[in-house]
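Structure first, then comments.
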Protein chains: 2
Amino acid sequence: MTFSEENYLKTIYHLTTISESGVSTNAIAEMMETKASSVTDMLKKLAEKDLVNYKKYQGVSLTEKGKLNAKMIVRKHRLWEVFLVDKLDFSWDEVHDIAEQLEHIKSEKLINKLDDFLGNPTEDPHGDPIPDANGQIINTEKHLLSELSENQNGICVGVKDTSPEFLKYLDKQEISLGSKIEIMGKESFDLSLKIKLNGRELTISNKIASNLFVKVV
Amino acid sequence: MTFSEENYLKTIYHLTTISESGVSTNAIAEMMETKASSVTDMLKKLAEKDLVNYKKYQGVSLTEKGKLNAKMIVRKHRLWEVFLVDKLDFSWDEVHDIAEQLEHIKSEKLINKLDDFLGNPTEDPHGDPIPDANGQIINTEKHLLSELSENQNGICVGVKDTSPEFLKYLDKQEISLGSKIEIMGKESFDLSLKIKLNGRELTISNKIASNLFVKVV
DNA sequence: ATTAAATTTTAGGCAAATCTAAAAAAATTA
DNA sequence: TAATTTTTTTAGATTTGCCTAAAATTTAAT
């Protein structure tokens with residue numbers, strides 16, 4: 001499989017997990033910052049290889065084969081991210097672009113040895129699940145912090161927005177995966193939250209709270 | 001720089017270190033298992049980018065810029081090999097093909113952090129020197145084991161032939177980097193050597209001895 | 001010094017992945 | 001439902017990297 005084919009597969013996979021239904025040509029084009037006509041070309045090629053179900057004008061979905069391939073790419077991407085953060089001491093806002101390259105390295109043995117070396121992690125530095133060697137994914141129940149009500153407690157398990165800007169903000173506030181968050185109060189006017197984090201009280205906007213995933217405890 | 005350009009640069013670099021003089025189109029084609037006409041095409045492109053000095057029918061050499069680029073690719077290749085062997089527990093005959101892919105990952109920060117993580121090694125698992133971040137190479141004086149005479153001692157510092165077959169043979173004989181080798185005797189008929197290795201005596205052919213680099217002690 | 005052989009380059013083509021512009025189909029709206 | 005808008009596909013070019021076959025150049029041999 002070429003890099004380009006892998007990138008299309010990954011994009012279709014991500015779009016499917018967001019909306020479940022068939023994926024449109026335009027949605028793919030937009031996410032990949034390419035033209036719809038280029039997408040059509042590639043979809044034909046992927047259909048030829050039995051990686052997607054494609055019918056003209058009808059949108060596209062992954063076949064089982066395609067889904068497994070996509071999961072393996074996601075697996076590689078997220079394992080490399082763990083490597084970069086845990087072993088090479090990158091911060092979580094820096095790793096995406098490098099992992100984007102590393103995810104295309106072809107060697108099953110490599111990725112499985114890397115998995116062991118990292119201690120078989122189940123989540124990447126952003127809290128997203130890492131598929132195992134068979135494509136199995138363990139999903140921890142997660143909620144947006146903004147959905148919790150007063151006096152509920154959560155542990156930060158992931159982010160919705162993964163942009164460097166947001167991640168840097170979190171670093172500044174010392175919010176990271178595993179942080180324990182208590183909802184002290186919710187301002188009904190703007191939905192901002194007063195929370196207790198690492199023993200310290202602070203206020204965060206609804207925009208922040210709706211991009212933080214927590215596990216309710 | 002594309003993968004293909006990087007591969008050409010690396011090939012020219014390796015051919016230059018072997019023979020010093022200008023590199024011929026055919027030599028490149030042979031090493032890369034491609035056609036001479038393809039090489040010509042690429043040489044024009046590299047010359048355009050000021051990475052090689054190229055005159056029709058006159059062979060090619062690297063510019064300073066080209067040489068530095070090539071060294072950085074070699075640096076990446078060899079650091080990744082160290083990672084694979086030291087951290088992921090690959091054996092030295094398995095790492096070449098994977099490193100061949102990893103060497104094209106683009107991120108200076110990544111490679112320098114990897115370098116630190118590995119403890120700034122100066123040699124790869126085959127004993128070949130690793131250029132530093134500035135392209136500087138520390139060359140240890142090395143000789144072929146076959147060039148030593150009776151009663152001289154050496155420490156294995158590298159291999160000339162890096163084929164999996166040869167490397168597996170060495171593993172079987174328990175010869176690795178750092179092994180101390182004493183020349184007990186040399187058979188004038190076939191130039192085979194009787195050596196002492198890790199306290200144990202064994203006989204090796206001239207073919208083996210002329211593919212093992214040692215540091216004389 | 002010619003001729004023959006080997007090397008290298010040019011010319012023309014092909015496949016992958018992209019693009020623009022135009023045509024076709026589907027969805028939306030009046 | 002008919003017209004309009006949006007989405008999607010097709011048609012035709014372009015670029016990169018490769019190929020084959022033929023021409024040009026250099027090297028070697030007689």
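A, B, ... follow the sequence lines: proteins, then strands. Residue 1 opens every chain.
In this structure, A:E33 places its CD atom 15 Å from C1' of C:dC19, rounding to the nearest Å. Look at CG on A:L43: it is 7 Å from P on D:dT9, rounded to the nearest Å. Put simply, CG on B:D41 is 13 Å from P on D:dT20, counting in whole angstrom units. Atom C1' of nucleotide D:dT7 and atom NZ of A:K55 are separated by 19 Å, given to the nearest angstrom. Here the P atom of nucleotide D:dT6 and the CD atom of A:E30 are 15 Å apart, to the nearest Å. In this entry the distance linking NZ of B:K44 with C1' of C:dT9 reads 7 Å, nearest Å. The distance between atom NZ of A:K35 and atom P of D:dT7, rounded to the nearest whole Å, is 14 Å. Rounded to whole angstrom, the span from the CD atom of B:E48 across to the P atom of D:dT16 amounts to 11 Å.
Using a 4.0 Å cut-off, some side-chain N or O of A:T40 falls inside it from OP1 or OP2 of D:dT9. When the side-chain nitrogen and oxygen atoms of A:K56 are compared with OP1 and OP2 of C:dA26, none of them lie within a distance under 4.0 Å. Between B:Y8 and D:dC18, a side-chain N or O to OP1/OP2 separation shorter than 4.0 Å is present. Regarding contacts with the backbone of C:dA6, every side-chain N or O of B:N26 stays at 4.0 angstrom or more from both OP1 and OP2. Contact annotation: A:T34 side-chain N/O to C:dC19 OP1/OP2 distance is under 4.0 Å.
The cationic atom of A:K87 (NZ for Lys, CZ for Arg) lies less than 6.0 Å from the six-membered ring centre of A:F117 and within 45° of the ring axis.
Considering B:K10, B:K76, B:K71 in turn, B:K10 is the only one that fulfils the salt bridge (Lys or Arg N to Asp or Glu O under 4.0 Å) rule with B:E103.
With DNA chain C read from its 5' end, the first of the two nearest nucleotides for B:Q58 and A:Y57 is the one closest to B:Q58.
Nucleic acid contact for A:T25: sugar-phosphate only, since backbone atoms but no base atoms lie under 4.0 Å from a heavy atom of the residue. A:F3 comes within 4.0 angstrom of nothing in the nucleic acid, heavy atoms only. Using a 4.0 Å heavy-atom distance criterion, B:S37 is classed as a base contact.
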Starting from the C-alpha separation in whole Å, work towards a yes-or-no answer on side chain to side chain donor-acceptor pair (under 3.5 Å) for B:N26 and B:S24. CA-CA 5 Å; B:N26 261 3; B:S24 78; over 6 Å; no
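Between the side chains of B:N134 and B:R75, no donor N or O sits under 3.5 Å from an acceptor N or O.
Within a 6.0 Å radius of NZ in B:K106, other residues, nucleotides and ligands contribute more than 12 heavy atoms.
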